[in-house]
Amino acid sequence: MTLDGDRFFARVYALVLEIPRGRVATYGQVAAMLGVPRGARAVGWALRALPATARVPWHRVVGAGGRISPRRGPGPDLQRRRLRAEDVGFRGGRVDMARHGVLAPRAV
DNA sequence: CGGTTGACTGTTT
DNA sequence: TAAACAGCCAACC
């Protein structure tokens, strides 16, 4: 990936890098914060293009309602593992957004 | 330039 | 409750 900070992908990575440990954001939230309210899908595309070597906490980005987006490979499983390692709670197979969402109050 | 693609999402069956 | 549909977006080819 280029280091061109103006590109959408780069902006996605920069923003994801700012998600605090133990918290998660949805694709839609990331897109909205970048000024593209309906660019959730594009965010997913950006994370997909992310090199395995990149130091971007992509696991902190989940689908609406705290769902782990299904895709081929160990991705989903790895994501759950990493989140779990950050004490992120799950409810009904989904991340407890009420407690770990980026916009959630620090209720813990 | 134009059709395709996919780690999305809300609505409708 | 689960599956299908239909818009949306940026990058790809």
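Within every chain, numbering begins at 1; the chains are lettered A, B, ... in the order of the sequence lines, protein sequences first and strands thereafter. Just so it is clear, the structure is predicted and the values come from calculations on it, not from any experiment.
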- Message: Please report the distance, rounded to the nearest Å, between OH in A:Y13 and P in B:dA7.
- Response: 12 Å
- Query: In whole angstrom, what separates A:R67's CZ from B:dG6's C1'?
  - Reply: 18 Å
- Value in whole Å for how far the C1' atom of B:dC8 lies from CD of A:Q79: 13 Å
- Item | For atom CH2 of A:W45 and atom P of C:dC12, their distance in whole Å | 7 Å
- Message: Would you say that A:V30 contacts A:T26 through its side chain, given a criterion of any heavy-atom pair below 4.5 Å between the two side chains?
- Response: no
- C:dG7 base / A:R41 side chain donor-acceptor hit below 3.5 Å: yes
- Task: Ignoring backbone atoms, test whether A:R38 places a side-chain nitrogen or oxygen under 4.0 Å from the OP1 or OP2 oxygen of C:dC8.
- Result: no
- Query: Which nucleotide, B:dT9, B:dT5, B:dA7, lies nearest any side-chain atom of A:A64?
  - Reply: B:dT9
- Item | A:L47 side chain near A:V12 side chain, heavy-atom distance below 4.5 Å | yes
- Between P of B:dA7 and CZ of A:R94, the distance in whole Å: 20 Å
- Query: Which is true for A:G75 with a 4.0 Å heavy-atom rule: it touches a base, it touches only sugar-phosphate, or it touches nothing?
  - Reply: nothing
- Query: At under 4.0 Å between heavy atoms, what does A:A40 touch on the DNA or RNA strands: base, sugar-phosphate, or nothing?
  - Reply: sugar-phosphate
Please list every donor-acceptor pair under 3.5 Å in which a side-chain atom of residues 62-72 of chain A meets a protein atom from a residue at least two apart or in another chain.
residue	atom	partner	partner atom	Å
A:R67	NH1	A:A64	O	3.4
A:S69	OG	A:Y27	OH	3.4
A:R71	NH1	A:S69	O	2.9
A:R71	NH1	A:Q79	OE1	3.1

- Note on the structure: When rounded to whole Å, the CG to P distance for the pair A:L47 and C:dA10 reads 15 Å
- Task: Could you tell me the separation between the CZ atom of A:R71 and the C1' atom of B:dT5, rounded to a whole number of Å?
- Result: 17 Å
- Message: Among C:dA11, C:dC9, B:dA7, which nucleotide has an atom closest to any side-chain atom of A:V36?
- Response: C:dC9
- Query: Charged N to carboxylate O below 4.0 Å: is that the case for A:E86 and A:R23?
  - Reply: no
- Item | Nearest-angstrom distance from the residue atom OH of A:Y27 to P of B:dA7 | 8 Å
- Side chain A:H100, main chain A:G89, donor-acceptor under 3.5 Å: yes
